[in-house]
A.B. asks: 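So that we are looking at the same thing, I have put the structure below in C-alpha coordinates.
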Number of protein chains: 2
Amino acid sequence: MAVSKSELQRRIQAFSDACSRKGLRVTHQRMEVFWALAVSDAHPDAESVYQRVRSRVTGISRDTVYRTLATLESKGLIRKAAALGGSARYDANMANHHHFVCTACGLIKDFSSKVLDDLPIPKTVESFGRIDASQVQVRGVCVSCAKRKPKKRRRSPK
Amino acid sequence: MAVSKSELQRRIQAFSDACSRKGLRVTHQRMEVFWALAVSDAHPDAESVYQRVRSRVTGISRDTVYRTLATLESKGLIRKAAALGGSARYDANMANHHHFVCTACGLIKDFSSKVLDDLPIPKTVESFGRIDASQVQVRGVCVSCAKRKPKKRRRSPK
DNA sequence: TTCCTTAATAGGAATTATTCTTATCTGGGG
DNA sequence: CCCCAGATAAGAATAATTCCTATTAAGGAA
Ligand SMILES: [Mn+2]
Ligand SMILES: [Mn+2]
Ligand SMILES: [Zn+2]
Ligand SMILES: [Zn+2]
(Lines give C-alpha, C1' and ligand atoms only; values in the text may rest on other atoms or scores of the structure.)
(Ligands and ions follow the chains in the order given, each with its own letter.)
Protein backbone atom coordinates (compact mmCIF):
# COMPACT_ATOMS: atom_id res chain seq x y z
CA MET A 1 0.00 0.00 0.00
CA ALA A 2 1.60 3.20 -1.12
CA VAL A 3 -1.14 5.74 -0.53
CA SER A 4 -2.13 7.04 2.88
CA LYS A 5 -5.52 6.23 4.36
CA SER A 6 -6.75 9.76 3.91
CA GLU A 7 -5.47 10.04 0.37
CA LEU A 8 -7.20 6.76 -0.44
CA GLN A 9 -10.43 8.11 1.01
CA ARG A 10 -10.09 11.20 -1.12
CA ARG A 11 -9.48 9.21 -4.30
CA ILE A 12 -12.41 6.93 -3.69
CA GLN A 13 -14.70 9.90 -3.08
CA ALA A 14 -13.39 11.57 -6.21
CA PHE A 15 -13.97 8.37 -8.14
CA SER A 16 -17.53 8.13 -6.92
CA ASP A 17 -18.15 11.72 -7.95
CA ALA A 18 -16.54 11.14 -11.33
CA CYS A 19 -18.78 8.15 -11.96
CA SER A 20 -21.88 10.18 -11.24
CA ARG A 21 -20.63 13.03 -13.37
CA LYS A 22 -19.94 10.70 -16.29
CA GLY A 23 -23.26 8.92 -16.01
CA LEU A 24 -21.83 5.72 -14.58
CA ARG A 25 -23.85 4.18 -11.80
CA VAL A 26 -22.07 3.98 -8.49
CA THR A 27 -22.38 0.27 -7.84
CA HIS A 28 -20.97 -1.69 -4.96
CA GLN A 29 -18.90 -3.80 -7.37
CA ARG A 30 -17.57 -0.79 -9.22
CA MET A 31 -16.43 0.85 -6.01
CA GLU A 32 -14.75 -2.31 -4.84
CA VAL A 33 -12.90 -2.80 -8.12
CA PHE A 34 -11.62 0.74 -7.99
CA TRP A 35 -10.67 0.35 -4.36
CA ALA A 36 -8.72 -2.83 -5.12
CA LEU A 37 -6.75 -0.91 -7.70
CA ALA A 38 -6.31 2.32 -5.77
CA VAL A 39 -5.24 0.68 -2.53
CA SER A 40 -2.15 -0.79 -4.18
CA ASP A 41 0.71 0.37 -6.33
CA ALA A 42 1.36 -3.09 -7.71
CA HIS A 43 -0.39 -2.50 -11.02
CA PRO A 44 -2.42 -5.70 -10.67
CA ASP A 45 -3.92 -7.61 -13.55
CA ALA A 46 -7.62 -8.43 -13.80
CA GLU A 47 -7.29 -11.76 -12.06
CA SER A 48 -5.50 -10.19 -9.10
CA VAL A 49 -8.16 -7.53 -8.81
CA TYR A 50 -10.80 -10.24 -8.97
CA GLN A 51 -9.19 -12.22 -6.16
CA ARG A 52 -8.83 -9.15 -3.98
CA VAL A 53 -12.40 -8.01 -4.53
CA ARG A 54 -13.78 -11.48 -4.07
CA SER A 55 -12.60 -11.54 -0.48
CA ARG A 56 -14.92 -8.59 0.19
CA VAL A 57 -17.73 -9.18 -2.28
CA THR A 58 -18.60 -12.84 -2.38
CA GLY A 59 -20.11 -13.82 -5.65
CA ILE A 60 -18.63 -11.12 -7.83
CA SER A 61 -17.90 -12.51 -11.27
CA ARG A 62 -14.71 -12.31 -13.28
CA ASP A 63 -16.70 -10.81 -16.09
CA THR A 64 -17.70 -7.90 -13.91
CA VAL A 65 -14.09 -7.23 -13.02
CA TYR A 66 -12.94 -7.38 -16.64
CA ARG A 67 -15.88 -5.29 -17.79
CA THR A 68 -15.46 -2.73 -15.04
CA LEU A 69 -11.74 -2.32 -15.67
CA ALA A 70 -12.43 -1.82 -19.38
CA THR A 71 -15.19 0.67 -18.66
CA LEU A 72 -13.11 2.69 -16.22
CA GLU A 73 -10.22 2.77 -18.66
CA SER A 74 -12.44 3.96 -21.48
CA LYS A 75 -13.70 6.75 -19.22
CA GLY A 76 -10.18 7.77 -18.31
CA LEU A 77 -10.57 6.86 -14.65
CA ILE A 78 -7.81 4.30 -14.64
CA ARG A 79 -5.03 3.37 -17.06
CA LYS A 80 -3.56 0.32 -18.60
CA ALA A 81 0.12 -0.04 -17.91
CA ALA A 82 2.58 -1.25 -20.52
CA ALA A 83 0.44 -3.83 -22.24
CA LEU A 84 -2.03 -2.14 -24.52
CA GLY A 85 -3.41 -5.16 -26.31
CA GLY A 86 -4.28 -8.72 -25.55
CA SER A 87 -1.48 -10.18 -27.58
CA ALA A 88 2.24 -9.62 -27.53
CA ARG A 89 3.69 -7.58 -30.39
CA TYR A 90 7.16 -8.12 -31.72
CA ASP A 91 9.79 -5.91 -33.32
CA ALA A 92 12.82 -6.93 -35.32
CA ASN A 93 14.19 -3.41 -35.35
CA MET A 94 16.81 -3.42 -32.61
CA ALA A 95 18.01 0.09 -33.36
CA ASN A 96 17.25 2.62 -30.67
CA HIS A 97 13.80 3.93 -31.42
CA HIS A 98 10.42 4.77 -29.92
CA HIS A 99 6.77 3.98 -30.48
CA PHE A 100 3.50 5.69 -31.24
CA VAL A 101 0.66 3.35 -30.25
CA CYS A 102 -2.93 3.77 -31.40
CA THR A 103 -5.18 2.94 -28.47
CA ALA A 104 -8.06 2.28 -30.85
CA CYS A 105 -6.63 -0.26 -33.29
CA GLY A 106 -3.26 -1.21 -31.83
CA LEU A 107 -1.22 0.26 -34.66
CA ILE A 108 2.41 0.76 -33.69
CA LYS A 109 4.56 3.25 -35.56
CA ASP A 110 8.27 3.79 -35.05
CA PHE A 111 9.96 7.10 -34.62
CA SER A 112 13.45 8.19 -33.80
CA SER A 113 14.86 11.01 -31.77
CA LYS A 114 18.41 11.63 -30.71
CA VAL A 115 17.17 13.49 -27.66
CA LEU A 116 14.84 10.72 -26.53
CA ASP A 117 17.48 8.05 -27.04
CA ASP A 118 19.40 9.23 -24.01
CA LEU A 119 16.82 10.07 -21.40
CA PRO A 120 17.82 11.28 -17.95
CA ILE A 121 16.49 8.41 -15.85
CA PRO A 122 16.25 9.42 -12.18
CA LYS A 123 18.73 7.75 -9.87
CA THR A 124 15.87 6.43 -7.76
CA VAL A 125 15.06 4.00 -10.58
CA GLU A 126 18.42 2.33 -10.12
CA SER A 127 17.26 1.15 -6.71
CA PHE A 128 14.54 -0.89 -8.41
CA GLY A 129 17.04 -3.02 -10.27
CA ARG A 130 19.32 -3.24 -13.25
CA ILE A 131 18.33 -1.00 -16.14
CA ASP A 132 18.56 -2.59 -19.58
CA ALA A 133 16.81 -0.09 -21.79
CA SER A 134 14.36 2.73 -21.82
CA GLN A 135 12.08 4.06 -24.45
CA VAL A 136 9.26 6.49 -24.94
CA GLN A 137 5.76 5.34 -25.66
CA VAL A 138 3.37 7.86 -27.16
CA ARG A 139 -0.29 6.94 -26.98
CA GLY A 140 -2.97 8.38 -29.16
CA VAL A 141 -5.39 7.65 -31.96
CA CYS A 142 -4.08 7.09 -35.47
CA VAL A 143 -5.41 9.06 -38.44
CA SER A 144 -7.43 6.22 -39.91
CA CYS A 145 -9.09 5.49 -36.58
CA ALA A 146 -9.78 9.18 -36.16
CA LYS A 147 -11.88 9.32 -39.30
CA ARG A 148 -13.80 6.05 -39.40
CA LYS A 149 -15.48 6.61 -36.08
CA PRO A 150 -15.43 3.92 -33.41
CA LYS A 151 -14.62 0.49 -34.90
CA LYS A 152 -13.25 -2.60 -33.31
CA ARG A 153 -9.67 -3.22 -32.46
CA ARG A 154 -8.09 -5.26 -35.17
CA ARG A 155 -5.20 -7.65 -35.28
CA SER A 156 -1.82 -6.08 -35.93
CA PRO A 157 -2.20 -4.48 -39.37
CA LYS A 158 -0.66 -6.48 -42.24
CA MET B 1 7.56 -2.91 -46.11
CA ALA B 2 9.81 -0.21 -44.82
CA VAL B 3 13.25 -1.66 -45.35
CA SER B 4 14.98 -1.83 -48.71
CA LYS B 5 15.64 -5.14 -50.41
CA SER B 6 19.36 -4.89 -49.82
CA GLU B 7 18.98 -3.84 -46.22
CA LEU B 8 16.66 -6.78 -45.66
CA GLN B 9 19.24 -9.10 -47.20
CA ARG B 10 21.87 -7.69 -44.91
CA ARG B 11 19.71 -8.14 -41.81
CA ILE B 12 18.83 -11.68 -42.69
CA GLN B 13 22.47 -12.54 -43.26
CA ALA B 14 23.38 -10.89 -39.98
CA PHE B 15 20.63 -12.85 -38.27
CA SER B 16 21.88 -16.11 -39.68
CA ASP B 17 25.39 -15.31 -38.49
CA ALA B 18 24.10 -14.29 -35.07
CA CYS B 19 22.26 -17.59 -34.71
CA SER B 20 25.38 -19.56 -35.48
CA ARG B 21 27.43 -17.42 -33.15
CA LYS B 22 24.93 -17.90 -30.33
CA GLY B 23 24.62 -21.63 -30.85
CA LEU B 24 21.16 -21.52 -32.38
CA ARG B 25 20.63 -23.79 -35.35
CA VAL B 26 19.86 -22.03 -38.58
CA THR B 27 16.61 -23.77 -39.43
CA HIS B 28 14.33 -23.04 -42.32
CA GLN B 29 11.47 -22.16 -39.95
CA ARG B 30 13.64 -19.85 -37.87
CA MET B 31 14.79 -17.95 -40.92
CA GLU B 32 11.24 -17.58 -42.16
CA VAL B 33 9.97 -16.31 -38.82
CA PHE B 34 12.70 -13.73 -38.69
CA TRP B 35 12.07 -12.77 -42.29
CA ALA B 36 8.36 -12.30 -41.61
CA LEU B 37 9.25 -9.92 -38.82
CA ALA B 38 12.09 -8.09 -40.53
CA VAL B 39 10.26 -7.55 -43.81
CA SER B 40 7.62 -5.43 -42.10
CA ASP B 41 7.46 -2.50 -39.75
CA ALA B 42 3.98 -3.39 -38.53
CA HIS B 43 5.13 -4.99 -35.27
CA PRO B 44 3.03 -8.08 -35.90
CA ASP B 45 1.79 -10.39 -33.19
CA ALA B 46 2.52 -14.12 -33.16
CA GLU B 47 -0.63 -15.03 -35.07
CA SER B 48 0.20 -12.57 -37.86
CA VAL B 49 3.71 -13.92 -38.14
CA TYR B 50 2.28 -17.41 -38.25
CA GLN B 51 -0.09 -16.52 -41.09
CA ARG B 52 2.64 -14.83 -43.07
CA VAL B 53 5.12 -17.67 -42.66
CA ARG B 54 2.50 -20.29 -43.37
CA SER B 55 2.08 -18.99 -46.90
CA ARG B 56 5.72 -19.91 -47.51
CA VAL B 57 6.24 -22.88 -45.25
CA THR B 58 3.23 -25.12 -45.39
CA GLY B 59 2.83 -27.11 -42.25
CA ILE B 60 4.65 -24.84 -39.84
CA SER B 61 2.97 -24.96 -36.46
CA ARG B 62 1.84 -22.10 -34.30
CA ASP B 63 3.91 -23.51 -31.51
CA THR B 64 7.06 -23.13 -33.57
CA VAL B 65 6.25 -19.50 -34.23
CA TYR B 66 5.55 -18.77 -30.57
CA ARG B 67 8.61 -20.69 -29.46
CA THR B 68 10.86 -19.11 -32.04
CA LEU B 69 9.73 -15.59 -31.19
CA ALA B 70 10.35 -16.27 -27.52
CA THR B 71 13.76 -17.74 -28.23
CA LEU B 72 14.85 -14.88 -30.45
CA GLU B 73 13.69 -12.36 -27.88
CA SER B 74 15.58 -14.12 -25.11
CA LYS B 75 18.70 -13.99 -27.26
CA GLY B 76 18.24 -10.31 -27.95
CA LEU B 77 17.68 -10.78 -31.67
CA ILE B 78 14.21 -9.27 -31.68
CA ARG B 79 12.20 -7.27 -29.18
CA LYS B 80 8.74 -7.25 -27.72
CA ALA B 81 6.92 -4.01 -28.24
CA ALA B 82 4.74 -2.45 -25.57
CA ALA B 83 3.17 -5.58 -24.14
CA LEU B 84 5.61 -7.28 -21.81
CA GLY B 85 3.36 -9.84 -20.26
CA GLY B 86 0.48 -12.04 -21.21
CA SER B 87 -2.09 -10.19 -19.20
CA ALA B 88 -3.09 -6.56 -19.10
CA ARG B 89 -1.95 -4.57 -16.09
CA TYR B 90 -3.90 -1.68 -14.69
CA ASP B 91 -3.03 1.51 -12.87
CA ALA B 92 -5.30 3.76 -10.85
CA ASN B 93 -2.64 6.41 -10.56
CA MET B 94 -3.58 8.96 -13.20
CA ALA B 95 -0.91 11.42 -12.18
CA ASN B 96 1.83 11.90 -14.72
CA HIS B 97 4.41 9.25 -14.00
CA HIS B 98 6.62 6.59 -15.56
CA HIS B 99 7.36 2.92 -15.16
CA PHE B 100 10.21 0.57 -14.43
CA VAL B 101 9.28 -2.91 -15.67
CA CYS B 102 11.07 -6.08 -14.64
CA THR B 103 11.33 -8.31 -17.69
CA ALA B 104 11.82 -11.33 -15.47
CA CYS B 105 8.81 -11.19 -13.15
CA GLY B 106 6.64 -8.41 -14.54
CA LEU B 107 7.04 -6.13 -11.53
CA ILE B 108 6.06 -2.56 -12.34
CA LYS B 109 7.38 0.31 -10.23
CA ASP B 110 6.37 3.93 -10.58
CA PHE B 111 8.73 6.82 -10.72
CA SER B 112 8.35 10.52 -11.36
CA SER B 113 10.44 13.04 -13.21
CA LYS B 114 9.59 16.59 -14.12
CA VAL B 115 11.91 16.37 -17.11
CA LEU B 116 10.40 13.17 -18.47
CA ASP B 117 6.87 14.50 -18.02
CA ASP B 118 7.35 16.97 -20.82
CA LEU B 119 9.44 15.27 -23.45
CA PRO B 120 10.06 16.86 -26.84
CA ILE B 121 8.07 14.54 -29.12
CA PRO B 122 9.24 14.92 -32.75
CA LYS B 123 6.79 16.65 -35.05
CA THR B 124 6.79 13.62 -37.33
CA VAL B 125 4.81 11.75 -34.70
CA GLU B 126 1.93 14.17 -35.13
CA SER B 127 1.46 12.84 -38.63
CA PHE B 128 0.65 9.41 -37.17
CA GLY B 129 -2.40 10.73 -35.37
CA ARG B 130 -3.64 12.54 -32.29
CA ILE B 131 -1.29 12.37 -29.34
CA ASP B 132 -2.96 11.74 -26.00
CA ALA B 133 -0.06 11.03 -23.70
CA SER B 134 3.51 9.88 -23.58
CA GLN B 135 5.51 8.14 -20.95
CA VAL B 136 8.84 6.50 -20.46
CA GLN B 137 9.19 2.81 -19.94
CA VAL B 138 12.40 1.55 -18.40
CA ARG B 139 13.06 -2.15 -18.77
CA GLY B 140 15.37 -4.13 -16.60
CA VAL B 141 15.59 -6.81 -13.94
CA CYS B 142 14.40 -6.03 -10.44
CA VAL B 143 16.61 -6.61 -7.41
CA SER B 144 14.79 -9.68 -6.18
CA CYS B 145 14.93 -11.31 -9.61
CA ALA B 146 18.60 -10.42 -9.85
CA LYS B 147 19.44 -12.47 -6.77
CA ARG B 148 17.22 -15.54 -6.91
CA LYS B 149 18.53 -16.64 -10.28
CA PRO B 150 16.13 -17.29 -13.14
CA LYS B 151 12.68 -18.23 -11.78
CA LYS B 152 9.32 -18.14 -13.41
CA ARG B 153 7.33 -15.05 -14.20
CA ARG B 154 4.70 -14.62 -11.56
CA ARG B 155 1.34 -12.97 -11.50
CA SER B 156 1.35 -9.29 -10.63
CA PRO B 157 2.83 -9.18 -7.13
CA LYS B 158 0.34 -8.77 -4.27
C1' DT C 1 -41.02 6.13 -0.30
C1' DT C 2 -42.44 3.49 -4.30
C1' DC C 3 -42.14 2.74 -9.13
C1' DC C 4 -39.88 2.31 -13.46
C1' DT C 5 -36.37 2.07 -16.91
C1' DT C 6 -32.32 0.23 -18.16
C1' DA C 7 -27.49 -0.05 -16.94
C1' DA C 8 -25.04 -3.44 -14.55
C1' DT C 9 -24.29 -8.01 -12.69
C1' DA C 10 -23.83 -13.35 -12.05
C1' DG C 11 -22.87 -17.51 -13.91
C1' DG C 12 -21.25 -20.15 -17.17
C1' DA C 13 -20.27 -21.09 -22.04
C1' DA C 14 -17.45 -19.71 -25.78
C1' DT C 15 -13.56 -17.81 -27.78
C1' DT C 16 -8.84 -16.44 -28.17
C1' DA C 17 -3.99 -16.54 -26.85
C1' DT C 18 -0.36 -19.18 -25.32
C1' DT C 19 1.98 -23.20 -23.51
C1' DC C 20 2.71 -28.10 -22.95
C1' DT C 21 3.38 -32.97 -24.39
C1' DT C 22 5.14 -36.44 -27.19
C1' DA C 23 6.66 -38.52 -31.22
C1' DT C 24 9.56 -37.38 -34.97
C1' DC C 25 12.88 -34.89 -37.54
C1' DT C 26 17.21 -32.56 -38.87
C1' DG C 27 21.34 -29.19 -38.67
C1' DG C 28 25.83 -29.44 -38.37
C1' DG C 29 29.97 -31.26 -35.80
C1' DG C 30 33.00 -35.23 -36.18
C1' DC D 1 28.07 -40.56 -43.84
C1' DC D 2 26.49 -40.77 -38.62
C1' DC D 3 24.85 -39.26 -34.63
C1' DC D 4 22.10 -36.79 -31.31
C1' DA D 5 20.75 -32.65 -28.94
C1' DG D 6 18.15 -29.16 -30.36
C1' DA D 7 13.96 -28.20 -33.20
C1' DT D 8 9.67 -29.13 -35.06
C1' DA D 9 4.54 -30.77 -35.90
C1' DA D 10 0.27 -31.73 -34.21
C1' DG D 11 -2.97 -31.20 -31.26
C1' DA D 12 -4.31 -31.30 -26.32
C1' DA D 13 -4.28 -28.45 -22.35
C1' DT D 14 -4.30 -24.28 -19.98
C1' DA D 15 -4.78 -19.28 -19.29
C1' DA D 16 -6.90 -14.94 -20.50
C1' DT D 17 -10.70 -12.60 -22.05
C1' DT D 18 -15.20 -12.01 -24.03
C1' DC D 19 -19.90 -13.28 -24.93
C1' DC D 20 -24.73 -14.62 -23.75
C1' DT D 21 -28.92 -14.51 -21.13
C1' DA D 22 -31.66 -14.19 -17.21
C1' DT D 23 -31.86 -11.39 -13.15
C1' DT D 24 -30.77 -7.50 -10.15
C1' DA D 25 -30.60 -2.88 -8.58
C1' DA D 26 -29.11 2.39 -9.21
C1' DG D 27 -31.14 6.49 -9.37
C1' DG D 28 -34.55 9.66 -11.57
C1' DA D 29 -39.53 10.51 -11.48
C1' DA D 30 -43.81 10.68 -9.19
MN1 LIG E 1 9.48 -0.59 -33.41
MN1 LIG F 1 1.96 3.36 -12.42
ZN1 LIG G 1 -5.74 3.21 -35.05
ZN1 LIG H 1 11.56 -9.09 -11.15
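Remember, it's a predicted structure, so these values are computed and weren't measured experimentally.
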A.B. asks: Any chance you could lay out the side chain to side chain donor-acceptor pair (under 3.5 Å) test for Asp45(A) and Ser48(A), step after step, and finish with the verdict?
C.D. replies: CA-CA 5 Å; Asp45(A) 59 17; Ser48(A) 297; 2.8 Å; yes
A.B. asks: Could you check whether Arg56(A) makes a cation-pi contact with Trp35(A), meaning its NZ or CZ is under 6.0 Å from the centre of the six-membered ring and within 45° of the ring axis?
C.D. replies: yes
A.B. asks: Is Thr27(A) near enough to dA8(C) that one of its side-chain N or O atoms lies under 4.0 angstrom from OP1 or OP2?
C.D. replies: no
A.B. asks: Rounded to whole Å, how long is the line connecting atom CZ of Arg54(B) with atom P of dA9(D)?
C.D. replies: 12 Å
A.B. asks: Should Arg67(A) be listed as having a side-chain N or O under 4.0 Å from OP1 or OP2 of dT9(C)?
C.D. replies: yes
A.B. asks: Under a 4.0 Å threshold between the charged nitrogen and the carboxylate oxygen, would Glu32(B) count as salt-bridged to Arg52(B)?
C.D. replies: no
A.B. asks: Reading DNA chain C from 5' onward, which residue's closest nucleotide shows up sooner: Val26(B) or Ser61(A)?
C.D. replies: Ser61(A)
A.B. asks: Can you tell me the distance, in whole Å, between the OH atom of Tyr50(A) and the C1' atom of dG12(C)?
C.D. replies: 12 Å
A.B. asks: Does dA9(D) have OP1 or OP2 sitting under 4.0 Å from an N or O in the side chain of Gln29(B)?
C.D. replies: yes
A.B. asks: Taking only residues at least two apart or on different chains, which pairs with a member in residues 54-73 of chain B satisfy ring pair (Phe, Tyr, Trp, His ring centres under 6.0 Å)?
C.D. replies: none
A.B. asks: Provide, to the nearest angstrom, the distance between the CG atom belonging to Asp45(B) and the P atom belonging to dA17(C).
C.D. replies: 7 Å
A.B. asks: From the options dA10(C), dT8(D), dA10(D), select the nucleotide whose nearest atom is closest to the side chain of Thr68(B).
C.D. replies: dT8(D)
A.B. asks: Taking atom C1' of dA7(C) as reference, at what distance in whole Å does atom NZ of Lys22(A) sit?
C.D. replies: 17 Å
A.B. asks: Would you list the atom pairs, donor with acceptor, under 3.5 Å between side chains in residues 115-129 of chain A and any protein atom, with sequence neighbours excluded?
C.D. replies:
unit_1    : atom_1 : unit_2    : atom_2 : d
Asp117(A) : OD1    : His98(A)  : NE2    : 2.8
Ser127(A) : OG     : Thr124(A) : O      : 2.5

A.B. asks: Does OP1 or OP2 of dA5(D) have a side-chain N or O of Arg25(B) closer than 4.0 Å?
C.D. replies: no
A.B. asks: Quick one: is Arg62(A) getting a side-chain N or O under 4.0 Å of the dG11(C) phosphate, OP1 or OP2?
C.D. replies: no
A.B. asks: Round to the nearest Å and state the distance from Asp63(A) atom CG to dC20(D) atom C1'.
C.D. replies: 10 Å
A.B. asks: Which nucleotide in the list dA9(D), dT9(C), dG11(C) gets nearest to the side chain of Thr64(A)?
C.D. replies: dT9(C)
A.B. asks: Between Leu24(B) and Gly59(B), which residue's closest nucleotide on DNA chain D lies nearer the 5′ terminus?
C.D. replies: Leu24(B)
A.B. asks: Specify the separation, in whole Å, of atom CE of Met31(A) and atom P of dG27(D).
C.D. replies: 10 Å
A.B. asks: Over how many whole Å does the gap from Gln51(A) atom CD to dA15(D) atom C1' extend?
C.D. replies: 14 Å
A.B. asks: Is any side-chain N or O of Tyr66(B) closer than 4.0 Å to OP1 or OP2 of dT19(C)?
C.D. replies: no
